[in-house]
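Worksheet: one structure, shown below.
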Amino acid sequence: MDEVGLEPGLTLDPVGAEGWAEFRALAHRVLDEALDFTEKVRERPVWQPVPAESALRVAGELPQEGTPLEALCTEVTETILPYATGNVHPRFLGWVHGSGQPGNLLAEMLASAMNANCGGRDHGAIYVERQVLEWCRQLFGFPEGTSGLLVSGTSMGNLIGLAVARNEAVAGMRAAGVGAMRGRLTVYASSEVHDSVAKALELLGLGAEALRRVAVTDAFGMDVTALRERIREDRAAGLQPMCVVGCAGTVNTGAFDGLEELAAVCREEGLWFHVDGAFGGLCRMSEAKRGLVRGIELADSLAFDFHKWMHVQYDAGCVLVRRAGAQYAAFSMRPPYLAHASGGLGGGMEWPCDLGPELSRSFRALKVWFAFRENGVRKFGALIEQNCALAEYLGERVVRETRLELMTPVTLQIVCFRVKWEGASEAELDARNERLLIWLQESGVAAPSSTRIGGRFAIRVNVTNHRTRREDLDVVVGKVLELAGSF
Ligand SMILES: Cc1ncc(COP(=O)(O)O)c(C=O)c1O
């Protein structure tokens with residue numbers, strides 16, 4: 001009962017000073033557990049399969065009544081926390097995952113307390129996002145007037161960039177759809193391009209067949225002569241080339257297209273130039289590596305991630321569009337309930353919802369802002385160089401081991417290799433290497449992933465991990481050789 005004798009209203013908050021004190025004590029304990037989890041990461045297996053018993057404890061009937069928070073937290077630490085992806089571990093070396101950073105735990109906690117909806121309106125979180133976008137504009141050498149948006153990742157960034165490109169190419173697109181242009185618009189990318197680009201074209205109504213997968217050179221960058229030829233053929237067939245997607249770091253091998261040259265082709269041909277710089281784009285942060293992304297500053301749109309090589313906690317990506325008007329024209333829609341006000345909470349400048357498909361959005365920008373402010377660009381550049389040096393070290397070790405075969409040159413942070421067994425056919429090599437990789441992951445010692453190079457199964461080590469050391473890579477090679485002996 002409150003002082004005027006009324007029952008307190010129903011709420012999700014702890015009740016009274018005592019309730020808050022209990023909640024605070026529990027919150028401190030959980031924070032300690034989260035910190036222990038991070039500090040003691042080396043003591044755990046990289047990954048372990050979710051046991052059926054744990055999966056069962058997560059399952060259950062739709063809860064009609066609540067459970068005390070303390071019991072819930074215990075359940076999470078026992079049944080969920082131990083079965084993480086593993087990318088916080090120094091020997092997580094698969095796909096292209098960032099490894100997170102402790103400072104971001106604090107940023108996420110503060111953002112959660114604010115619980116801001118960053119679709120729009122005039123409040124602090126929007127200013128933080130604008131500042132992050134301004135830093136990105138400077139980082140990538142884009143001109144003033146660039147617009148952008150924080151997104152879940154490069155898949156969404158590619159979708160938005162290509163949506164803007166499509167709308168610029170087809171007059172009246174927003175009202176009438178692709179219409180008469182159905183099946184006629186074409187997009188060009190190397191055969192190594194990430195499939196999020198094909199998925200984006202499907203979603204945008206262009207169809208995955210609109211994607212021309214242009215041949216690559218021996219270094220896995222796009223063959224520009226083949227690109228020009230393909231554009232010429234398509235024009236001759238009455239099609240309308242729309243866009244070239246440049247790869248700044250391919251997912252298979254970490255290769256780069258010649259972005260400057262692609263930008264020149266786009267200029268000559270009147271095409272939109274989009275760059276997928278998911279992880280490789282951030283080579284702009286390193287003096288030693290930035291030559292690889294020369295020309296990225298010429299893109300009409302660029303998608304990249306903070307959650308990969310900047311280790312921002314998942315999820316956090318970005319899209320930049322060189323000409324702000326184009327992004328605004330593709331997405332802005334202001335019905336009366338979202339009308340722009342001359343002041344108050346409904347005021348402020350352009351809202352993020354004017355620049356992408358989402359209206360309600362989380363306060364992703366705070367963790368990115370934290371990462372930039374806490375570490376600075378120079379440190380991220382040095383970490384990228386450290387990862388590339390480790391990949392080079394691993395590549396050299398693989399070359400020295402007679403039982404191992406390096407399958408592609410190491411250009412950045414990815415090392416593709418396989419074990420060779422004398423007398424084994426290609427099909428057997430594929431099958432045995434695949435089994436070996438699964439064993440390696442299931443042992444909890446290390447977690448590389450896989451790909452195919454020239455159709456052959458490859459164990460793929462990707463080092464976008466600020467915790468990985470040389471000893472970790474030695475452990476991987478040692479375990480691979482040990483397992484190889486028992487196959
Ligand atoms: C080159 C490339 N493009 C796009 C993506 C998709 O990015 P996200 O997973 O952040 O959506 C990835 C993911 O690894 C990638 O490596």
Side-chain angles (χ1 to χ4, degrees), residues 85-87 92-100 136 148-163 187 189-203 208 211 213-214 216 220-222 243-257 259 262 274-284 289 292-293 296 299 301-320 356-358 361-362 364 367-368 371 384 387-388 391 408 411-416 447-453 458 460-465:
T85 324
N87 52 313
F92 183 94
L93 301 161
W95 299 273
V96 189
H97 280 42
S99 36
C136 293
L149 193 68
L150 295 199
V151 290
S152 57
T154 295
S155 301
M156 184 53 86
N158 284 339
L159 176 64
I160 291 176
L162 291 170
V187 173
S190 92
S191 55
E192 294 292 300
V193 74
H194 192 270
D195 267 336
S196 54
V197 169
K199 209 187 259 187
L201 297 180
E202 289 174 15
L203 290 170
L211 180 61
R213 293 176 189 266
V214 180
V216 290
F220 294 94
M222 198 195 297
C243 168
V244 174
V245 178
C247 295
T250 58
V251 64
N252 272 333
T253 67
F256 288 80
D257 290 340
L259 301 180
L262 295 190
H274 176 78
V275 172
D276 175 341
F279 57 92
L282 289 183
C283 286
R284 282 279 294 197
K289 300 288 174 193
L292 291 167
V293 286
I296 203 167
S301 53
L302 163 68
F304 64 96
D305 281 322
F306 302 107
H307 57 215
K308 291 187 167 72
W309 240 344
M310 253 178 84
H311 307 290
V312 169
Q313 250 73 336
Y314 280 88
D315 49 29
C318 185
V319 60
L320 294 180
E358 293 177 323
R361 306 167 63 245
S362 71
R364 263 186 205 113
K367 57 192 176 180
V368 184
I384 286 171
N387 280 174
C388 294
T408 59
T411 48
L412 202 65
Q413 91 297 8
I414 296 174
V415 185
C416 291
S449 59
S450 67
T451 190
R452 284 192 178 259
I453 303 291
R460 177 179 164 286
V461 167
N462 162 81
V463 198
T464 47
N465 189 324

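For reference, positions follow the sequence shown, starting with 1. Nothing here was measured: the structure is a model prediction, and the numbers come from that model. Note that ligands are numbered from 1 as they come in the structure, with each ligand's atoms numbered from 1 the same way.
The pair D315-R361 does not meet the salt-bridge criterion, since no charged nitrogen lies less than 4.0 angstrom from a carboxylate oxygen.
Under the 4.5 Å side-chain criterion, counting only non-hydrogen atoms from C-beta, V275 is not in contact with L262.
With W95 as reference, S449 is the one residue of P448, S450, S449 to meet the side chain to side chain contact (heavy atoms under 4.5 Å, CB included) rule.
Using bins of under 30°, 30° to 60° and over 60° for the plane-to-plane angle, the ring pair H97/Y314 lands in the tilted bin.
Remark: the N252 side chain and the T250 side chain contain no N/O donor-acceptor pair separated by less than 3.5 Å.
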**Request:** Please assess F92 against S99 for the test side chain to side chain contact (heavy atoms under 4.5 Å, CB included), listing each intermediate value before the final yes or no.
**Result:** CA-CA 8 Å; F92 183 94; S99 36; over 6 Å; no
Nitrogen or oxygen contacts under 3.5 Å, ligand 1 side and protein side:
residue  : atom   : partner : partner atom : Å
ligand 1 : 3 (N)  : D276    : OD1          : 3.2
ligand 1 : 3 (N)  : D276    : OD2          : 2.7
ligand 1 : 7 (O)  : K308    : NZ           : 3.2
ligand 1 : 10 (O) : T154    : N            : 3.1
ligand 1 : 10 (O) : D305    : OD1          : 3.2
ligand 1 : 10 (O) : D305    : OD2          : 2.7
ligand 1 : 10 (O) : H307    : NE2          : 2.9
ligand 1 : 10 (O) : K308    : NZ           : 3.1
ligand 1 : 11 (O) : T154    : N            : 3.4
ligand 1 : 11 (O) : S155    : N            : 2.9
ligand 1 : 11 (O) : S155    : OG           : 2.6

